[in-house]
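Since the model is a prediction, treat every value here as computed from it, not as a measurement. When reading the values below, keep in mind they use all heavy atoms of this one structure, side chains included, and skip hydrogens, waters and symmetry mates.
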Amino acid sequence: TKHPFSGFLSSVVSLICNLSYSKSSPVEEFWVSDARGWPYLGLILAHTKLDIDNPTLREWCLLFIRHLTSWSEPIQSKLKALTLVSEQTP
């Protein structure tokens, strides 16, 4: 059976993605601030994997990151400072 909330997370991220399309300083301040936005940006990055219940979630997350990095230098520098951590499976 299909999950009752299937696709809900994709819809939420698509809304956030569409709201982040144009540059605005409150949006930038929210996502760059260590106290508020950085954990949320980490959540978006964590969802850039395939999900059976939310098939378009990965694409919406990648588009959202593309929108933010197209106009925000601080967000670009934060993402460039990240290091890749490999995941080991048993």
Side-chain angles (χ1 to χ4, degrees):
T1 63
K2 195 171 184 179
H3 192 275
F5 295 109
S6 180
F8 178 74
L9 192 54
S10 293
S11 298
V12 170
V13 174
S14 72
L15 174 66
I16 294 169
C17 179
N18 288 323
L19 291 172
S20 70
Y21 178 69
S22 64
K23 180 181 179 176
S24 69
S25 61
V27 171
E28 184 177 37
E29 289 173 12
F30 177 80
W31 290 101
V32 173
S33 170
D34 285 331
R36 295 176 295 183
W38 188 238
Y40 300 118
L41 190 57
L43 285 173
I44 295 294
L45 290 171
H47 283 94
T48 56
K49 61 185 184 335
L50 295 177
D51 184 359
I52 294 172
D53 290 328
N54 296 286
T56 59
L57 178 63
R58 180 179 183 269
E59 285 74 21
W60 279 115
C61 289
L62 293 175
L63 187 61
F64 172 71
I65 293 167
R66 181 179 177 191
H67 285 172
L68 289 181
T69 56
S70 69
W71 53 262
S72 175
E73 292 289 330
I75 292 173
Q76 286 179 15
S77 63
K78 279 192 176 269
L79 290 176
K80 285 180 185 176
L82 294 176
T83 57
L84 181 62
V85 176
S86 64
E87 189 175 318
Q88 295 180 351
T89 57

Nearest heavy-atom neighbours spanning Pro55 and Ile52: CD-O, 3.9 Å
Set of ring pair (Phe, Tyr, Trp, His ring centres under 6.0 Å) partners for His47, sequence neighbours left out: none
Test side chain to side chain contact (heavy atoms under 4.5 Å, CB included) applied to Thr48 - qualifying residues, sequence neighbours left out: Cys61, Leu62, Ile65
Step-by-step side chain to side chain contact (heavy atoms under 4.5 Å, CB included) determination, Leu45 to Leu82: CA-CA 11 Å; Leu45 290 171; Leu82 294 176; 3.8 Å; yes
Separation between CD of Glu59 and CZ of Arg66, rounded to the nearest 0.5 Å: 13.0 Å
Nearest-0.5 Å distance that lies between atom OG in Ser10 and atom CZ in Arg58: 12.5 Å
Between CG on residue Asp51 and CG on residue Leu57, distance to nearest 0.5 Å: 6.0 Å
Under the side-chain hydrogen bond (donor to acceptor under 3.5 Å, both in side chains) test, residues paired with Asn18 that sit two or more places apart: none
Closest heavy-atom pair and its distance - Asn54, Leu9: OD1-N, 3.4 Å
Straight-line distance of Ser11 OG to Ile16 CD1, nearest 0.5 Å: 11.0 Å
Whether over 12 other heavy atoms sit under 6.0 Å from Lys49 NZ: yes
